[in-house]
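Notes to accompany the following structure.
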Amino acid sequence: MKLTYKHAIGAVVLLFGAAAPWLISGYELSLLGRFLALSILAMGIMLTWGEAGILSLGQGVFFGLGGYALAMHLKLEGLNLANGDMPDFMVWSGVSALPRLWYPFANGFFSLACVVIVPGAFAAMFSWLVFRRRVGGVYFALITQALALAFSTLVISQQAYTGGFNGLTDFSTLFGWDITSLGAARVIYWITLVLVVLAYMFLSWLLSSRFGVMLRATRDGENRVRFLGHDPVPYKVVAFSIAGTLAGIGGALFTLHSGVVSPALVGVVPSIEMVVWVAVGGRNILWGAIAGTLLVNFAKDQISSALPSLWLYGLGALFVLAVSFLPTGIAGLFQPDTAAERVVRRMLTRTKVRTAE
Amino acid sequence: MNATPAPILMMEHVTVDFDGFKALTDVSLSLSPCALRVLIGPNGAGKSTLCDTIIGRVRPSSGKITFKDEVITDLAEQEIVRRGICRKFQTPGVLPTLSVMENLLVSARKNRSFFRTFTTKVPAEERESAESILEKIGLTDRRDVIAADLAHGEKQWLEIGMVVATDADLLLLDEPTAGMGPQDTQRTAELILSLLGRHAVLVIDHDMSFVEALNGYVTVLHQGQILKEGSVAEIRADPEVTAVYLGRSDDDDAAAA
Ligand SMILES: Nc1ncnc2c1ncn2[C@@H]1O[C@H](COP(=O)(O)OP(=O)(O)OP(=O)(O)O)[C@@H](O)[C@H]1O
Ligand SMILES: [Mg+2]
C-alpha cells in the first residue's frame with residue numbers, strides 16, 4: 001500500500017484521539033466518547049444512504065436494540081436470580097418474577113452477542129421483506145420511520161419489562177468491572193475509539209470491493225442492474241444489515257458511556273437527527289460521517305445548554321442548508337472529484353434516477 | 001442447403017395490454033442464432049414494448065416466449081438475462097456514477113452470485129473481456145471517466161459495450177444510434193456487424209441509412225402488429241410499408257430532431 005498525505009493526516013488524528021484522555025477534561029471526554037459511539041452508527045448510514053441510496057429514518061431502532069441488549073445485562077449483573085432478585089424498576093412496577101425474555105441476558109457473553117446479532121438480523125429480515133417486494137425510495141423511508149415510532153411506543157408502553165419512559169439506568173459493573181470509575185471511562189473511550197477505527201477500516205475495504213461497486217450500481221440504476229442479470233436485493237439487504245449491526249454496536253457503546261438507554265434515543269426524532277449528522281458531514285465519504293456526527297453533536301451540546309428550545313429549529317435549518325447547498329457535505333469540500341458531486345446533486349433533486357427507460 | 005437452424009427466440013401470439021390499450025397484438029416472431037434482425041416502425045408502433053416483453057419488463061397478457069427451448073414468459077428479469085438475453089435501452093441505461101470500466105466490469109461478471117463480490121480482485125478473464133470491449137467501443141482512453149460525463153454518443157457505445165460484456169447470446173439494441181452523427185452511425189453499424197458471429201442481435205432503429213448499412217432481415221411493426229418481413233430491398237419496395245412508414249420517415253426524423 002502506498003502511503004500518502006491522507007495516511008499521515010489519519011495517523012495524526014488517531015494519535016490525538018488516543019491521547020484525548022490527557023488532553024481534554026473528563027466531561028469533554030465523556031461527550032467525545034458518546035459521539036464517537038454515535039459515529040459508528042453514522043458510518044452505517046453513510047453505507048446505506050450514501051452508497052446504496054437507501055434512506056432509513058429508523059436507525060434509532062437498531063441503535064436501541066444494541067443499547068437495550070447490553071443494558072439488560074447491566075441491570076442483571078450482580079443480582080442473585082436464583083434468589084428471586086429483580087432489577088429495581090421491576091420491583092417498583094410490581095412485577096412478580098423476572099420475565100423469561102430477561103433470563104438469558106444474565107449471561108454477559110450472550111448479551112454481547114445479542115448486541116451484534118439482534119440488530120443485524122432484524123435489519124436483514126426487515127429489509128429483505130421490504131426490498132423483495134421492490135419497495136424503495138421514499139416509501140422505504142416512511143416505513144422505517146413508522147418502525148421507529150412503533151419501537152419507541154412499544155418500549156414506553158411496556159414499563160414493567162423495559163423501564164418504560166425512563167429506560168434502563170443505574171448500572172454498576174460489567175463482567176465484575178466497575179464501569180462508573182474515571183479509569184473505566186477512559187478504557188471505554190479507548191474501546192470505542194478502536195471500534196470506530198475497525199468499523200472505518202472494514203467499510204473502506206467493503207466499499208472498495210466488488211460489493212461496493214455493485215452497491216453503487218444498484219443506487220444508480222436498480223433496474224439496469226437487474227437487466228444485467230444481477231439480483232439487487234441481496235446487496236441492499238446486506239448493506240442494510242451491516243448498517244443495523246453498526247447501529248447496534250454504537251448503541252451499546254453509547255449506553256456504556258452515558259449510563260442510560262431510553263426511548264428518547266430510539267424514536268423518530270433521534271432517527272432523523274442521525275441522518276442529519278451524515279448529511280452535514282458528507283454521505284459519500286466515510287470520514288465525513290464521523291466528522292458530521294462529532295460536529296453536529298458538539299454544536300447541539302452547546303446550543304441546547306444555552307437555548308434548549310432552539311435546537312430543533314437549528315437542526316431543521318442545518319438539514320435544509322446541507323441538502324440544498326452542500327449535497328456532499330463538509331467532506332465533499334475536500335473532495336477534488338467534482339464530477340461525482342455533480343451527479344449526487346442531480347440525484348438529490350430527483351426522487352429516482354431513471355437510467356432504465 | 002442446410003436446414004434452417006432452430007430459432008434461438010420465439011414469440012408466439014404475444015399480446016400486450018396497457019389498461020385496455022393494446023401495444024402489441026398477436027405478435028409472432030422468431031430469431032435465428034447469431035443472425036441479425038432489424039425492427040423498424042413508426043413512433044409508438046410498439047418496438048420498445050416488444051423488447052420490454054422479451055426481457056420481462058412488461059408481461060404479456062397472452063402468448064408465449066421461448067428462448068433456447070425454454071419458456072421464459074414468467075421468469076424474473078435477472079433470470080431471463082442469466083439465460084442469455086441482454087438489452088440496451090432507448091435512453092442510455094449506463095450507471096452514471098460508475099466509471100466506464102466499472103460499468104463494463106459490473107456487466108462482465110460471469111458468476112453473478114453476491115457471495116463472490118466480497119473481494120477486490122476481478123477475475124483475469126472478466127478484466128480481459130472488459131478491456132477488449134473497451135477497445136472495440138473506442139473508449140479506452142475514457143476508461144476512468146464516470147459515465148455521467150460521457151457525451152451522448154459515448155454513452156450509447158458504453159451501453160452497447162455493457163450488453164456485449166454480458167456475453168449474452170441474444171442482444172436487443174433499442175435505437176443504438178439515436179443522437180449520433182452520420183460518421184458515428186456508420187461506426188455503430190460496423191460494431192454491430194462485428195458481433196454477429198457470436199451473438200444474435202435484434203436492432204431497433206428509425207434511420208433508414210443505418211438499416212441499409214446493416215442490411216439485415218427486416219421486420220416492420222405498425223400499431224402493435226407485424227406489417228411485413230423481408231430483406232431491406234423488399235421492404236423498400238413494399239407499397240404498404242411506404243404508406244405507413246417510409247414515406248413519412250423524413251417528417252418523423254425532422255420532428256424528432
Ligand atoms: N407502460 C406503458 N403504459 C401505457 N402505455 C404504454 C406504456 N409503454 C408504452 N406505451 C404505449 O405503447 C405504445 C408503444 O410504445 P413503444 O415505446 O413500444 O413504441 P416504439 O415503437 O418504441 O416508439 P418509439 O419509436 O417512439 O420509440 C405507445 O403508444 C406508448 O404510448
Ligand atoms: Mg421505442
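Side chains included, hydrogens not; waters and symmetry mates left out as well; all remaining heavy atoms used. Owing to the predicted nature of the structure, the values given are computational and were not obtained by experimental measurement. Just so we're on the same page: letters track the sequence lines, and every chain starts at 1.
Among the candidates B:Val122, B:Ile85, B:Thr166, B:Val163, the residue making the largest number of heavy-atom pairs closer than 4.5 Å to chain A is B:Val122.
Scanning residues 241-250 of chain A against chain B with a 4.5 Å heavy-atom cutoff picks out nothing at all. Heavy-atom neighbours of chain A within the stretch residues 106-119 of chain B, taken at a separation under 4.5 angstrom, comprise B:Val106, B:Ser107, B:Arg109, B:Arg112, B:Ser113, B:Phe114, B:Thr117, B:Phe118, B:Thr119.
Under the 4.5 Å side-chain criterion, counting only non-hydrogen atoms from C-beta, A:Glu51 is not in contact with B:Thr97. Residues A:Arg224 and B:Glu159 have side chains in contact (heavy-atom distance under 4.5 Å, counting atoms from C-beta outward).
Note that CZ of A:Phe227 is 6.0 Å distant from CZ of B:Arg57, once rounded to the nearest 0.5 Å. Here B:Arg82 contributes atom CZ and A:Asp231 contributes atom CG; the two are 6.5 Å apart, rounded to the nearest 0.5 Å. Considering CG of A:Asn223 and CD of B:Gln78, their distance stands at 10.5 Å, rounded to 0.5 Å. The line from CZ of A:Arg226 to CD1 of B:Ile80 is 12.0 Å long, rounded to the nearest 0.5 Å.
Summarising the local packing, NZ of B:Lys22 is surrounded by 12 or fewer heavy atoms from other residues, nucleotides or ligands at distances under 6.0 Å. Applying the 6.0 Å contact sphere to CZ of B:Arg59 captures more than 12 heavy atoms from other residues, nucleotides or ligands. Within a 6.0 Å radius of CD in B:Glu70, more than 12 heavy atoms belonging to other residues, nucleotides or ligands are found. Around the CD atom of B:Glu79, the shell of radius 6.0 Å holds more than 12 heavy atoms that belong to other residues, nucleotides or ligands.
The shortest heavy-atom contact between A:Ser209 and B:Thr120 is CA-CG2, 3.7 Å. Nearest heavy-atom pair across B:Leu98 and A:Val213 is CD2-CG1, 3.9 Å.
If you measure heavy-atom distances from B:Leu105 to chain A, the contacts under 4.5 Å come from both the backbone and the side chain.
Of the charged side-chain nitrogens involved, at least one lies within less than 4.0 Å of a carboxylate oxygen, so that A:Arg210 and B:Glu126 count as a salt-bridged pair.
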